[in-house]
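One is the number of the first residue; the rest follow in order along the sequence. Please read all numbers here as calculations on a predicted model, not as lab measurements. What you see below is based on every heavy atom in this structure, not just the backbone, and it leaves out hydrogens, waters and symmetry mates.
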Amino acid sequence: MRIRAQVAMVMNLDKCIGCHTCSVTCKQTWTNREGTEYVWFNNVETKPGIGYPKHYEDQDRWHGGWQLDGKGRLTLRSGGRLKRLTRIFTNPDLPSIDDYYEPATFDKDILVSAPGGLNDTPVKRPYSALTGEPMAVEWGANWEDGLGGAHERADRDPNITRMPAEAAAKVRFEFEKTFMFHLPRICEHCLNPACVSACPSGAMYKREEDGIVLVDQNKCRGWRMCVSACPYKKVYVNHATGKAEKCTLCFPRIEAGQPTICSETCVGRLRYLGIVLYDEDAVLAAASVRDERDLLDAQRDVFCDPHDPAVRQAARDAGMPEEWVEAAKQSPVWRLISEYRIALPLHPEYRTLPMVWYVPPLSPVLDATGAADRDDTDADDVFHTIRDLRIPVEYLAELFTAGDADAAAGVLMKLAAMRSYMRARTLDGTVAQDLLDSIGMTAEQVESMYRLLAIAKYDERYVIPTAYSKDAAALEAQAAAPGGCSLDCEGGPGMGGSERATAAADRFHLVGGEDDVRAGRRGLVSRRPDGRTGLSIDPSPRGRS
């Protein structure tokens, strides 16, 4: 048994209001610069919907994640080393800019410089942030926000197409019948990351001390195999530098014991951050189980109980600081995933063992109970209603339990029982023992789960130890050294104002060619023969450095 620590996140979808504050603050912090105009490390999707990039969950198309071969061995869906080598200069599984969206800016000067006495109001025209040319805005990272585009495309949601026909028929897209919920997404920082295995340059790596997956910008050569291999499509290409970029889980903040910027600014207080201890030796076996529906329990079995003295001693023997061992014991993520067992991973069938988990939404259960003239305070009525939702349990199962509807319904029943129990406890002080027996939890566990989900304070939601004390001097020296910060590079978030102005001045120049290729300083946006646009990397030494 080799004990490792992993920084993990849980999001309570019942609390997400779709305000996109997390996306905006992440954008301003990490990708508000040239080359990342289309990049959102954090985005919030409306479900049902096809997501960002389009249909990213359709692995028959993108070949992301892992699969088992005929001998039961774990292999990348994108192919082995030889196959990747033959496709290293042409990658058919790479999303185009049309699959993401072509970012736009607007001519704001026309509003302030328009002459007086005009009969018509001046209108800001959209211009492509990639080419600088006029464009029509036809898609965006949150185009389906609030079901705005659901009537056009949401029925092609891969989760709906995978559902049984009778369950899929229950999903309605009429205005008064449609149910929606918001799904915030960041990089999953998986225990078994496909992007790391697919990288030909060895630039992608998983940090040993906290499990955060990062990209070494000095090693990255822009092969983009990581983009194809990631089933969540959370690795991007910076078309100005020609290198891969992704969510860093705000590791400079994590090292200082602070939550990620998306967690810090979350209006709904739906995010939880903490340490999970896991057995590194058990990861491969967990990702290799035959039945996809067993992956959820297999991943939970990889996690180690931080209250177990043997686990704690093994962690110390592995060199883990006592502060981290104590943080794992107090971790809200561990409690939601393994103790209460109400948090679920996003698409466990990808076999990457993701470490961003979700508490599925329950709110519509009680609404549906009242609409069916049932008592939403009665557990039996609520439990029966769970199977009759406008958005079927099967849909949540496709998202979080590899199609196991019983597992998804079991989580919803726990949450419904918690609400009914706490309502009775608050109103007249009664203890509904029948509810506790039905979900196999004690009164103390239910009340503790309620506090964590409903009224937890800041230091209860975020339990993050600081960086290893043995690394503190090295980290301080790196930050103090000239150019020592890996983020303070050309095109990076730390780029100075004068450099930013220079970069903006020569953002685009036209390069001739049969395909009318429009080039940025180091990246290309090419118009294909079929009319679609796609990002490609400048093959010159300047773009490959």
Checklist entry - Between the side chains of S228 and N91, does any donor sit under 3.5 Å from an acceptor? => result yes
Checklist entry - Which value, rounded to the nearest 0.5 Å, describes the distance between I97 atom CD1 and L94 atom CG? => result 10.5 Å
Next on the checklist: Could you check whether any side-chain heavy atom of I186 comes within less than 4.5 Å of a side-chain heavy atom of R271, counting everything from C-beta outward?
Outcome noted: yes
Checklist outcome for this item: Output for pair (T90 OG1, R224 CZ), nearest 0.5 Å, gives 8.0 Å
Item to check | Smallest separation among heavy atoms of K246 and C187, with atom names | outcome: NZ-SG, 3.1 Å
Item to check | Stepwise side chain to side chain contact (heavy atoms under 4.5 Å, CB included) check, L183 with L346 | outcome: CA-CA 10 Å; L183 181 71; L346 183 63; 4.3 Å; yes
Checklist entry - Hey, does M204 have a side-chain heavy atom less than 4.5 Å from the side chain of V235? => result yes
Checklist entry - Got H189 and Q6 here, is their nearest side-chain heavy-atom distance under 4.5 Å? => result yes
Item to check | Residue pair Y101, Y38: steps toward the ring-ring contact (aromatic ring centres under 6.0 Å, His included) verdict | outcome: CA-CA 7 Å; Y101 75 103; Y38 76 104; 7.5 Å; no
Checklist entry - With distance as the sole criterion, is a donor-acceptor pair present between the side chains of E102 and S128 under 3.5 Å? => result yes
Next on the checklist: Pairing donors with acceptors under 3.5 angstrom, does anything connect the side chains of Y56 and D99?
Outcome noted: no
Checklist entry - Which heavy-atom pair separates C190 from T352 by the least distance, and what is that distance? => result CB-O, 2.9 Å
Checklist outcome for this item: Rounded to the nearest 0.5 Å, the CG atom of D58 sits from the OG1 atom of T161 at a distance of 7.0 Å
Next on the checklist: So does G49 get a backbone contact from the side chain of E144, meaning a donor-acceptor N/O pair under 3.5 Å?
Outcome noted: no
Item to check | Carboxylate-amine/guanidinium contact E245 R33, below 4.0 Å | outcome: yes
Item to check | Pair W139, Y52: side-chain N/O donor-acceptor within cut-off below 3.5 Å | outcome: no
Checklist entry - When the ring planes of F41 and W30 are compared, do they come out parallel, tilted or perpendicular, using 30° and 60° as the limits? => result tilted
Next on the checklist: For E57 and N159: C-alpha separation, side-chain torsions, deciding distance, then whether side chain to side chain donor-acceptor pair (under 3.5 Å) applies.
Outcome noted: CA-CA 8 Å; E57 295 162 296; N159 299 294; 2.9 Å; yes
Checklist entry - Can you tell me if N43 and K234 form a side-chain donor-acceptor pair at under 3.5 Å? => result yes
Checklist entry - Under the criterion side-chain contact (heavy atoms from CB on, under 4.5 Å), which of P53, S78, P95, P231 is the partner of W62? => result P95
Item to check | Student check: side-chain heavy atoms of C16 and P184 closer than 4.5 Å | outcome: yes
Checklist entry - Sub-3.5 Å donor-acceptor pair from the side chain of T105 to the main-chain atoms of Y127, do we have one? => result no
Next on the checklist: Just checking R207: does its CZ atom have more than 12 heavy atoms from other residues, nucleotides or ligands closer to it than 6.0 angstrom?
Outcome noted: yes
Checklist entry - What are the two closest non-hydrogen atoms of V356 and E188, and how far apart are they? => result O-OE1, 3.0 Å
Next on the checklist: Hydrogens and angles aside, do E45 and H182 bring a side-chain donor and acceptor to less than 3.5 Å of each other?
Outcome noted: no
Item to check | Within 45° cone of F106 ring axis and under 6.0 Å: K124 NZ or CZ | outcome: yes
Checklist entry - Can you check side chain to side chain contact (heavy atoms under 4.5 Å, CB included) on L336 and Y358, steps first, answer last? => result CA-CA 9 Å; L336 292 170; Y358 297 85; over 6 Å; no
Item to check | With D93, the salt bridge (charged side-chain N to carboxylate O under 4.0 Å, His left out) member among R77, R87, R61 | outcome: R87
Item to check | Side-chain heavy atoms of I464 within contact of Q258, under 4.5 Å | outcome: no
Checklist entry - Between the side chain of T36 and the main-chain N/O of T31, is any donor-acceptor distance below 3.5 Å? => result yes
Checklist entry - Only one of L214, I254, T29 forms a side-chain contact (heavy atoms from CB on, under 4.5 Å) with T248, so which one is it? => result L214
Item to check | Residue pair S23 / N42, side-chain donor-acceptor N/O under 3.5 Å | outcome: yes
Item to check | Straight-line distance of I212 CD1 to L249 CG, nearest 0.5 Å | outcome: 4.5 Å
Item to check | Evaluation steps, side chain to side chain contact (heavy atoms under 4.5 Å, CB included), between M9 and M11 | outcome: CA-CA 7 Å; M9 181 183 291; M11 303 190 205; 3.5 Å; yes
Checklist entry - If you round to the nearest 0.5 Å, how far is CE of M418 from CG of L362? => result 7.5 Å
Checklist entry - Which atom names give the shortest non-hydrogen contact between K243 and R221, and what distance separates them? => result NZ-NH1, 4.0 Å
Item to check | Within 6.0 angstrom of R162 CZ, more than 12 heavy atoms from elsewhere | outcome: yes
Checklist outcome for this item: Residues Y272 and L452: closest non-hydrogen pair is OH-O, 2.6 Å
Next on the checklist: Is there a side chain to side chain contact (heavy atoms under 4.5 Å, CB included) between K15 and C266? Walk through the geometry before answering.
Outcome noted: CA-CA 10 Å; K15 289 186 169 185; C266 176; over 6 Å; no
Next on the checklist: Once salt bridge (Lys or Arg N to Asp or Glu O under 4.0 Å) is applied, what residue pairs with a partner in residues 258-267 remain, sequence neighbours excluded?
Outcome noted: R253-E264
Item to check | Gap between atom OH of Y232 and atom CD of Q59 - 0.5 Å precision | outcome: 9.0 Å
Checklist entry - Run the side chain to side chain donor-acceptor pair (under 3.5 Å) check on D145 and H20 step by step: do they pass? => result CA-CA 10 Å; D145 189 28; H20 301 278; 3.2 Å; yes
Checklist entry - Can you tell if the side chain of V213 reaches within under 4.5 Å of the side chain of Y205, non-hydrogen atoms only? => result no
Checklist entry - Under the side chain to side chain donor-acceptor pair (under 3.5 Å) criterion, do E34 and H239 qualify, and how do the steps go? => result CA-CA 8 Å; E34 182 189 10; H239 64 83; over 6 Å; no
Checklist entry - Quick one: which of S201, S197, C195, P193 gives a side-chain contact (heavy atoms from CB on, under 4.5 Å) with C226? => result C195
Checklist entry - So, the side chain of K47 versus the backbone of Y395: is there a donor-acceptor pair under 3.5 Å, distance only? => result no
Item to check | Closest non-hydrogen atom pair between P259 and S263, with its separation | outcome: CB-CB, 4.0 Å
Next on the checklist: Students often mix this up, so state it plainly: with edges at 30° and 60°, are the rings of Y236 and Y100 parallel, tilted or perpendicular?
Outcome noted: tilted
Checklist entry - With no hydrogens and no angle check, is any side-chain donor or acceptor of K233 less than 3.5 Å from a backbone partner on C230? => result yes
Item to check | Side-chain heavy-atom pair L415, I342 within 4.5 angstrom cut-off | outcome: yes
Checklist outcome for this item: By side-chain contact (heavy atoms from CB on, under 4.5 Å), T25 pairs with (sequence neighbours left out) T21, I261, T265
Next on the checklist: Can you tell me how the ring of Y462 sits relative to the ring of Y458, calling it parallel under 30°, perpendicular over 60° and tilted otherwise?
Outcome noted: perpendicular
Next on the checklist: Between L344 and T401, is there a side-chain heavy-atom distance shorter than 4.5 Å?
Outcome noted: yes
Checklist entry - Counting distance only, does the side-chain N/O of W40 pair as donor-acceptor with the main-chain N or O of E37 below 3.5 Å? => result no
